[in-house]
Amino acid sequence: MIRDQLGAALRTAVEACGLAPPTEVRLDVPKAREHGDFASNVALQLAKAAGRPPRVVADDIARALMAADVAHLERVEVAGPGFLNLHLDPGWLHDLLRAVLAAGDTWGTGDELAGQRINLEFVSANPTGPLHAGGGRWIAVGDATANLLAARGAQVHREYYLNDTGNQLDMLRESLSARYHGRQLPEDGYKGAYVTELASELRGEHGDALTDDELCELGLARLIVGIRDDLARIGVHFDTWFSERTLHERGDVADVLRVLDGKGITYSAEGAVWLRSTDFGDDRDRVLVRSNGTTTYLCNDLAYHRDKLARGSDHLIDIWGSDHHGQVKSLQAGLQALLGVHGEPEIILGQLVKLMRDGREIKISKRAGNYVTLADILDEVEADVARMTFLLQSLDTKQTFDLDLVTSQSMDNPVYYVQMAHARIASIGRRATEAGVSRLPLEQVDLSLLTHERETELLRALADQPEMIAAAAAERAPHKVSHWALDFAGRFHGFYRDCRVLDPSDAAEVGGGPGALTQARLALTDACGIGLARALGLLGVHAPDEMARLDDDQDPVAG
RNA sequence: GCGCUCGUAGCUCAAUGGAUAGAGCAUUUGACUACGGAUCAAAAGGUUGGGGGUUCGAAUCCCUCCGAGCGCGCCA
């Protein structure tokens with residue numbers, strides 16, 4: 001890419017001035033167009049060491065850079081406190097267009113994560129009830145993050161951890177049993193209607209012959225199927241569904257205790273077995289085996305994460321709600337104690353979703369049972385709308401998911417704005433065919449006709465896309481892709497408005513021969529389609545070739 | 001009390017330490033015999049919670065205060 005070439009040339013120019021370039025010579029895309037196509041602050045960084053004013057240093061570098069005769073570099077300006085503003089000729093954008101078309105489906109991919117096997121665990125809600133609406137955030141973010149990492153070369157493994165043992169499952173068993181036998185629900189039982197439905201369903205099939213264990217197993221299996229179905233509806237597929245029971249049955253948990261004990265970093269106190277996790281950066285030591293002999297969640301989780309690594313992952317990533325942030329240090333400290341690895345697993349923390357309906361917050365509580373499920377949402381809006389909504393905001397922002405807004409005004413959802421741009425591109429292609437426009441091979445298309453600001457702005461956005469994707473992957477920030485897509489769609493709608501693609505009268509005026517501008521704009525349109533499809537694909541949102549027609553009879557006309 | 005994450009336009013949110021802090025919605029004003037108006041253009045809207053500090057430069061880093069959410073179990 002030209003950015004790398006310019007960066008390399010800049011580095012050489014800095015060295016030619018007798019200065020030591022910083023480890024990373026980076027070029028920025030300035031916000032203001034008059035600041036050029038790319039800008040560098042390298043002179044500002046080096047001024048102190050050079051012992052000269054930044055602008056003087058910048059002048060030297062600018063001269064050296066211009067002397068180097070870099071492709072497409074038209075001029076270098078020194079501006080402000082000492083920025084180097086690089087102005088390029090439009091040819092670089094036309095080169096870029098060719099690069100997009102040549103790349104096709106691979107546009108926006110990269111290889112900086114090549115060879116890395118990453119295990120990404122997300123959702124992993126307890127299988128004691130249906131997925132709730134707020135969990136949709138982890139589903140959308142997890143899947144998009146997986147797509148991002150894969151786009152940059154990683155081999156990504158999507159994993160769902162089933163906590164199919166322990167207290168919560170015991171409570172499910174008791175709750176099911178109570179409903180099954182028509183008894184009073186235990187104090188902390190699951191009050192959701194689904195428990196009652198499940199119990200009566202099983203009673204209808206098996207009568208009252210089921211033991212509590214059988215009841216629980218059958219119920220659990222159905223709940224898991226339900227979770228899987230919900231995930232399928234929103235289009236997420238997991239490579240592995242890992243059962244916590246496996247860890248106990250294989251003796252993995254016991255082995256973890258053995259290994260830790262062998263390292264001398266456990267001790268007994270107050271009838272429990274503790275991990276000396278403070279030695280590894282934790283705030284306090286943690287219990288591994290309770291005084292009643294059962295192992296803690298942490299202990300089981302250590303066995304689980306060790307297994308994930310043993311199955312052949314170079315790096316582990318978990319996506320958690322921020323309400324679990326207190327466990328991050330413990331798990332990382334524990335894994336370090338166990339295996340000597342640092343910073344594993346990486347934990348992506350996301351702020352929780354606040355659900356609103358009728359202007360009031362809906363408190364999520366699986367126990368209370370009165371909660372909104374993901375399926376409820378998917379009954380009202382399509383998966384694309386739900387996904388896009390969850391992917392609009394940074395994970396550090398607590399999201400307010402207004403059910404009234406998202407469901408009743410789904411037509412205003414930004415996803416349609418982006419999809420509309422993609423559909424328009426396809427529509428232009430169809431129209432071109434209908435109009436009998438025969439597409440020339442790209443080599444014969446005069447791309448230099450693309451000089452309209454709408455056109456160059458689209459190309460600049462495309463030029464930035466691969467770096468945007470790389471940044472989104474590196475920062476685990478899929479919302480950056482949503483924002484790029486929204487911005488890009490806006491640029492395309494503007495182009496569509498101001499630059500008619502299929503208009504023969506334009507061609508003669510620009511002197512490129514009949515249809516020359518149309519050919520160039522069709523090429524541009526193709527490239528835009530590639531860029532949009534890439535962005536939407538990363539988000540897990542469909543890139544349709546046409547939109548469903550809106551009905552005209554939806555107007556609330558009185559009388 | 002301690003810790004984590006935050007506080008940005010009326011609202012919802014962006015912004016790898018960079019130049020004049022940007023979008024959408026809402027508001028005001030305009031543009032359609034149309035390659036799909038699910039569109040576009042313009043205006044208006046800000047002491048980036050307050051106060052210090054670091055430096056050429058801070059919404060961003062450090063300190064402090066105020067406010068919000070979440071943690072601080074032999075629960076998960």
Side-chain angles (χ1 to χ4, degrees), chain A residues 24 26 28 30-32 34-35 39-41 43-45 47-48 53-55 79-83 85 126 128 163 166-168 188 269-274 283-284 286-298 300-301 321-329 349-352 354 392-400 402 405 409 411-421 423-432 434-435 437 454 467 471 474-475 477 479-480 482-483 486-487 489-490 492-503 518 521-522 525 546-550:
Chain A
E24 189 190 18
R26 218 186 44 250
D28 299 314
K31 273 179 282 190
E34 60 266 29
H35 292 154
S40 170
N41 62 355
L44 288 158
Q45 292 176 310
K48 183 168 280 181
R55 287 193 63 110
F83 290 104
N85 290 338
N126 284 315
T128 51
N163 297 115
N167 291 345
Q168 304 215 5
D188 296 327
E270 302 161 54
V273 176
W274 296 70
D283 301 322
R284 59 181 191 80
R286 306 284 168 174
V287 170
L288 293 173
V289 185
R290 303 183 188 103
S291 48
N292 70 5
T294 61
T295 52
T296 58
Y297 186 88
L298 172 65
N300 303 338
D301 221 19
S322 62
D323 54 338
H324 290 93
H325 77 256
Q327 299 162 57
V328 174
K329 271 190 192 173
L349 290 173
Q351 297 292 312
L352 300 181
K354 184 177 172 180
L392 281 172
Q393 280 150 33
S394 150
L395 277 173
D396 288 337
T397 298
K398 42 189 169 203
Q399 183 168 42
T400 302
D402 189 325
L405 208 66
Q409 298 182 15
M411 283 304 155
D412 289 338
N413 192 288
V415 72
Y416 294 113
Y417 183 80
V418 179
Q419 289 184 320
M420 180 65 190
R424 273 188 161 163
I425 289 166
S427 171
I428 290 171
R430 287 193 298 268
R431 288 282 184 161
E434 287 167 20
V437 175
R454 296 291 199 181
E467 302 215 18
E475 297 166 30
H479 75 280
K480 293 197 173 203
S482 321
H483 283 272
L486 277 166
D487 176 75
F492 186 82
H493 289 309
F495 160 78
Y496 177 88
R497 168 82 184 181
D498 293 344
C499 302
R500 206 176 162 80
V501 176
L502 303 176
D503 187 349
T518 290
R521 284 180 172 167
L522 282 171
T525 301
E546 56 186 327
M547 303 296 283
R549 294 270 176 183
L550 273 185

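Heavy atoms only: backbone and side chains are in, while hydrogens, waters and symmetry mates are out. Below, read A as the first sequence line, B as the second, and so on, with proteins coming before strands; counting in each chain starts at 1.
With both ends at atom P, the span from B/rA14 to B/rG24 equals 16 Å, rounded to whole Å. Nucleotides B/rA58 and B/rG51 are separated by 15 Å at their P atoms, to the nearest Å. Comparing the C1' positions of B/rC70 and B/rU28 gives a spacing of 41 Å, expressed to the nearest Å. Distance check on atom C1': B/rU27 versus B/rC11 gives 12 Å, rounded to whole Å. For the P atoms, the distance from B/rA21 to B/rG10 is 16 Å, rounded to whole Å. Comparing B/rC2 with B/rC65, their P atoms are spaced 9 Å from each other, to the whole Å. To the nearest whole angstrom, the two P atoms, one in B/rC25 and one in B/rA42, are 14 Å apart. Only the P atoms considered, B/rG22 is 14 Å distant from B/rA44, to the nearest whole Å.
Side-chain N/O atoms of A/Arg497 and base N/O atoms of B/rA41 include no donor-acceptor pair closer than 3.5 Å. For A/Asn41 against B/rG18, a side-chain-to-base donor-acceptor contact under 3.5 Å is present.
Taking side-chain N and O atoms only, A/Arg290 has a distance below 4.0 Å to OP1 or OP2 of B/rA76. Proximity of A/Arg500 to the phosphate of B/rC35: a side-chain N or O atom is located under 4.0 Å from OP1 or OP2. Residue A/Thr397 has a polar side-chain atom (N or O) positioned under 4.0 Å from OP1 or OP2 of B/rA14. The side chain of A/Lys31 places an N or O atom within less than 4.0 Å of a non-bridging phosphate oxygen (OP1 or OP2) of B/rA19. Close to B/rA38, at under 4.0 Å from its OP1 or OP2, lies no side-chain N or O of A/Tyr496.
Counting only heavy atoms from C-beta on, A/Arg284 has its side chain closest to B/rG73 among B/rG73, B/rU20, B/rU39. You'll find that the side chain of A/Asp323 is closest to B/rC70, out of B/rA14, B/rC74, B/rC70. Closest to the side chain of A/Tyr416, from the set B/rA19, B/rA38, B/rU12, is B/rA38. Nearest nucleotide to the A/Gln393 side chain, out of B/rU39, B/rA15, B/rC13: B/rC13. Between B/rG69, B/rA76, B/rU12, one nucleotide has an atom nearer to the side chain of A/Lys398 than all others, and that is B/rG69. Taking only side-chain atoms of A/Asn167, from C-beta outward, the nucleotide of B/rU39, B/rA76, B/rC13 with the closest atom is B/rA76. The side chain of A/Ala39 lies closest to B/rA19, out of B/rC70, B/rC35, B/rA19.
A/Glu34 comes within 4.0 angstrom of a base, heavy atoms only. If you check every strand for non-hydrogen atoms under 4.0 Å, A/Thr294 touches nothing. At the heavy-atom level, A/Asn85 lies under 4.0 Å from base atoms of the strands shown. The residue A/His493 sits close only to the backbone: its heavy atoms come under 4.0 Å of sugar-phosphate atoms, none of a base. Note on A/Ser291: a base of the nucleic acid sits closer than 4.0 angstrom, heavy atoms only. A/Glu270 comes within contact range of at least one nucleobase, with a heavy-atom separation under 4.0 Å. At the heavy-atom level, A/Glu467 lies nowhere under 4.0 Å from the strands shown. At a threshold of 4.0 angstrom between heavy atoms, the contacts of A/Arg55 with the nucleic acid are absent. Nucleic acid contact class of A/Gln419 (heavy atoms, under 4.0 Å, all strands): none. Counting non-hydrogen atoms under 4.0 angstrom, A/Ala272 reaches a base of the nucleic acid. Contact annotation for A/Ala79: base contact, defined as any heavy-atom pair under 4.0 Å involving a base atom.
Using Watson-Crick or G-U wobble geometry with both donor-acceptor distances under 3.5 Å, B/rA23 finds its partner in B/rU12. Base pairing analysis places B/rU48 opposite nothing; no Watson-Crick or G-U wobble pair with both distances below 3.5 Å involves it. Across all strands shown, B/rC35 forms no Watson-Crick or G-U wobble pair with both key distances under 3.5 Å. Taking a pair to require two hydrogen-bonding distances under 3.5 Å in either a Watson-Crick or a G-U wobble arrangement, B/rU28 pairs with B/rA42. Across all strands shown, B/rU60 forms no Watson-Crick or G-U wobble pair with both key distances under 3.5 Å. Base pairing of B/rG7: its partner is B/rC66, meeting the Watson-Crick or G-U wobble criterion (both donor-acceptor distances under 3.5 Å). If you check B/rC74 for Watson-Crick or wobble pairing at under 3.5 angstrom, you find it has no partner at all. Taking a pair to require two hydrogen-bonding distances under 3.5 Å in either a Watson-Crick or a G-U wobble arrangement, B/rU54 remains unpaired.
The aromatic rings of A/Phe492 and A/Phe495 sit tilted, their planes meeting at an angle between 30° and 60°.
Residue A/Phe83 and nucleotide B/rA19 are classified as a stacked aromatic pair, their ring centres being separated by less than 5.5 Å at an interplanar angle below 30°. Lacking a ring centre under 5.5 Å from that of the base six-membered ring together with a plane angle below 30°, A/His324 does not count as stacked on B/rG71. Evaluation of A/Tyr297 against the base of B/rC75 yields no stacking contact (centre distance < 5.5 Å, interplanar angle < 30° required).
As rounded to whole Å, 14 Å separates atom P of B/rC72 from atom CG of A/Leu298. Across the protein-nucleic acid pair, A/Asp487 atom CG and B/rC13 atom C1' stand 15 Å apart, rounded to whole Å. As a whole-Å value, the separation of A/Arg424 CZ from B/rU39 P is 8 Å. Residue A/Asp188 contributes atom CG, which lies 13 Å from atom P of B/rC75 at whole-angstrom precision.
Between the CZ atom in A/Arg497 and the CZ atom in A/Arg454 there is a gap of 9.5 Å [rounded to 0.5 Å]. Note that the CG atom of A/Leu395 and the CG atom of A/Leu349 stand 9.0 Å from one another [nearest 0.5 Å]. Within the model, atoms CG of A/Leu392 and NE2 of A/His483 stand 6.0 Å from one another, a figure rounded to the nearest 0.5 Å. Between the CD1 atom in A/Ile428 and the OG1 atom in A/Thr518 there is a gap of 10.5 Å [rounded to 0.5 Å].
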Taking N or O atoms only and anything under 3.5 Å, show me the protein contacts with nucleotides 54-56 of chain B, one pair per line.
unit_1, atom_1, unit_2, atom_2, d
B/rC56, OP1, A/Lys48, NZ, 3.1

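Residues satisfying the side chain to side chain donor-acceptor pair (under 3.5 Å) test with A/Ser322, not counting sequence neighbours, are none.
With RNA chain B read from its 5' end, the first of the two nearest nucleotides for A/Tyr417 and A/Leu352 is the one closest to A/Tyr417. Each of A/Asp498 and A/Arg26 was assigned the nucleotide of RNA chain B with the nearest heavy atom; the assignment lying further toward the 5' end belongs to A/Arg26.
Test A/Asn163, A/Thr295, A/Thr294 against A/Asn300 for side chain to side chain donor-acceptor pair (under 3.5 Å) and you get one pass: A/Thr295.
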